[in-house]
Peer 1: 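My structure is below; once you've seen it, I'll send some questions.
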Amino acid sequence: MRFTLEIDPLDLDQTLGCGQTFRWRRLPDGSWTGVLSDQLMTVRRNGRELHAEAFPGGAGARDLLAEHLRVGDDIGRIQRRLASDPVLRRGMGGLRGLRIVKLDEWECTVSFVLATYANIPRISKMIESLAAAYGKRIAPGIHAFPTVGRLRRASPGDLRRLGLGYRADYIHGVCAALGEDDLGRMKGMGFEELRAGLMALPGIGDKVADCASLFGFGRLEAFPIDVWMERALERLYRQKGSHARLRRFASERFGAYAGYAQEYLYYNERVLASDGACALSDK
DNA sequence: GCCCAGGAGTGTG
DNA sequence: CACACTCATGGG
């Protein structure tokens with residue numbers, strides 16, 4: 001099933017390849033393919049339009065992609081709000097196509113538990129292994145992300161054999177701790193309550209809770225801090241200290257769109273700074 | 001071989 | 001609050 005989505009601005013390479021989401025793959029022609037819920041999606045940008053193909057397709061496929069790419073986000077408005085910060089003001093124009101992604105709450109939570117102390121290629125591999133072993137089959141070699149109920153059947157030993165390492169015990173513990181609709185009820189919580197609820201789960205500290213809040217629950221005020229963000233905050237803002245202190249700094253400075261600020265800073269630091277091609281600078 | 005990775009948990013000053 | 005240490009492993 002083919003369809004078209006109007007969305008602008010959008011840079012697929014920046015949005016899908018920068019570590020917010022782990023199941024998209026870039027094809028040599030510049031299109032991207034990945035699994036959303038129970039759909040295999042392939043997308044290609046053409047100006048303001050995104051041409052998509054979904055398999056098996058169906059009524060919900062279009063909404064699924066639209067929600068995933070947050071078509072409702074007004075990037076111009078968000079950047080005008082963030083322009084009160086001089087560091088972002090100068091360089092973020094080049095990152096207008098870098099959109100925050102909206103993932104399924106459960107998939108996102110598990111993905112970022114797996115992301116602890118692993119690099120992005122390995123995170124992708126662990127997720128694909130989980131899907132292949134426990135996810136519903138969509139097409140040959142393509143599987144949906146496993147539901148809580150299916151993943152609950154995996155023992156810690158099973159999960160270790162999939163290459164998860166010590167994360168196997170965390171995933172097992174999260175499955176055991178969650179009732180069927182616990183995450184569903186958390187959608188209605190305020191940010192701090194949601195964050196505390198997530199951090200009550202095994203393997204979820206403040207970084208993972210903020211990633212799940214931002215990319216899974218769609219809370220744009222969340223500001224995940226990892227080693228790249230520590231580097232960016234020190235290099236561009238001369239800010240050091242505990243994560244609690246850095247989060248307060250970010251909250252006061254970036255407000256309701258801290259998540260977008262974080263993504264710009266993260267992308268700039270991880271992808272561009274190593275090439276000396278920074279979009280953002282403190283000068 | 002070496003270094004590091006979108007950290008968390010626990011224990012100690 | 002800060003720091004130290006362990007956890008297990010593969011990708012570049």
Side-chain angles (χ1 to χ4, degrees), chain A residues 13-26 95 98-103 107-130 132 154-177 195-217 219-220 222-236 239-250 258-275:
Chain A
D13 292 345
Q14 292 179 350
T15 299
L16 301 179
C18 75
Q20 315 180 61
T21 174
F22 304 103
R23 299 203 69 188
W24 287 97
R25 302 286 175 270
R26 189 182 195 279
L95 301 176
L98 173 54
R99 305 181 77 96
I100 296 284
V101 150
K102 167 70 174 73
L103 295 164
E107 175 174 345
C108 185
T109 300
V110 171
S111 295
F112 281 95
V113 169
L114 294 177
T116 61
Y117 212 54
N119 55 27
I120 291 172
R122 187 175 176 198
I123 299 163
S124 296
K125 197 170 185 179
M126 288 189 281
I127 291 170
E128 293 308 323
S129 298
L130 272 190
S155 71
D158 293 334
L159 297 173
R160 272 174 199 267
R161 279 187 286 280
L162 292 178
L164 306 197
Y166 62 85
R167 305 165 194 84
D169 297 325
Y170 292 152
I171 299 301
H172 181 77
V174 168
C175 289
R195 199 165 177 282
L198 289 167
M199 288 178 65
L201 296 170
I204 302 187
D206 55 24
K207 158 59 166 63
V208 174
D210 283 330
C211 285
S213 297
L214 177 57
F215 306 123
F217 290 82
R219 308 301 171 95
L220 294 185
F223 191 86
I225 298 173
D226 66 347
V227 294
W228 295 100
M229 285 307 299
E230 289 177 358
R231 289 169 200 164
L233 290 172
E234 180 173 2
R235 193 170 65 82
L236 297 173
Q239 294 294 318
K240 298 167 69 169
S242 69
H243 286 187
R245 201 185 84 78
L246 295 175
R247 255 198 330 278
R248 270 198 305 280
F249 171 80
Y260 267 95
Q262 189 271 358
E263 210 52 30
Y264 296 147
L265 291 166
Y266 176 81
Y267 188 87
N268 183 69
E269 194 69 23
R270 192 177 77 79
V271 180
L272 302 180
S274 56
D275 302 339

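Below, read A as the first sequence line, B as the second, and so on, with proteins coming before strands; counting in each chain starts at 1.
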Peer 1: Salt bridge check, A:Lys240 against A:Glu234: does any charged N sit closer than 4.0 Å to a carboxylate O?
Peer 2: yes
Peer 1: Short of 4.0 Å, heavy atom to strand atom, which residues of residues 198-215 of chain A count as contacting DNA chain C?
Peer 2: none
Peer 1: Side chain of A:Thr109, backbone of A:Ala212: donor and acceptor closer than 3.5 Å?
Peer 2: no
Peer 1: Summarise protein proximity over nucleotides 2-12 of chain C in one line of letters, 5' to 3': B for base, S for sugar-phosphate only, - for none, counting protein heavy atoms closer than 4.0 Å.
Peer 2: S-----BBBSS
Peer 1: Between A:Asn268 and A:Leu265, is there a donor-acceptor pair closer than 3.5 Å when you use the side chain of the first and the backbone of the second?
Peer 2: no
Peer 1: Which part of the nucleic acid, if any, lies within contact of A:Glu230, taking any heavy atom under 4.0 Å across all strands shown: a base, the sugar-phosphate backbone alone, or nothing?
Peer 2: nothing
Peer 1: In whole Å, what is the span from the CG atom of A:Leu114 to the P atom of B:dG7?
Peer 2: 12 Å
Peer 1: Under 4.0 angstrom, heavy atoms only, what part of the nucleic acid is A:Ala244 near: base, sugar-phosphate, or nothing?
Peer 2: sugar-phosphate
Peer 1: Hey, are A:Lys207 and A:Asp210 close enough for a salt bridge, meaning a charged N less than 4.0 Å from a carboxylate O?
Peer 2: no
Peer 1: State whether the side chain of A:Arg122 and the backbone N or O of A:Asn119 hold a donor-acceptor pair below 3.5 Å, judged by distance alone.
Peer 2: no
Peer 1: Is there a donor-acceptor contact under 3.5 Å from the side chain of A:Glu128 to the main chain of A:Arg23?
Peer 2: no
Peer 1: May I ask you to decide if the ring planes of A:Phe215 and A:Phe112 are parallel, tilted or perpendicular, using 30° and 60° as cut-offs?
Peer 2: parallel
Peer 1: I'd like a list of close polar pairs between nucleotides 11-13 of chain B and the protein, N/O only, cut-off under 3.5 Å.
Peer 2:
none

Peer 1: Any donor and acceptor pair, going by atom type alone, linking the side chain of A:Lys102 with main-chain N or O of A:Gly216 inside 3.5 Å?
Peer 2: yes
Peer 1: Does a donor on one side chain and an acceptor on the other come within less than 3.5 Å for A:Arg99 and A:Gln14?
Peer 2: no
Peer 1: Regarding A:Ile225, tell me which of base, sugar-phosphate or nothing describes its non-hydrogen contacts under 4.0 Å with the strands shown.
Peer 2: nothing
Peer 1: In whole angstrom, give the distance that lies between atom CZ of A:Phe112 and atom P of B:dG7.
Peer 2: 10 Å
Peer 1: Give me the atom names and distance for the closest heavy-atom approach of A:Ala209 to A:Leu198.
Peer 2: O-CD1, 3.7 Å
Peer 1: Examine distances only and state if a side-chain atom of A:His243 and a backbone atom of A:Asp206 form a donor-acceptor pair shorter than 3.5 Å.
Peer 2: no
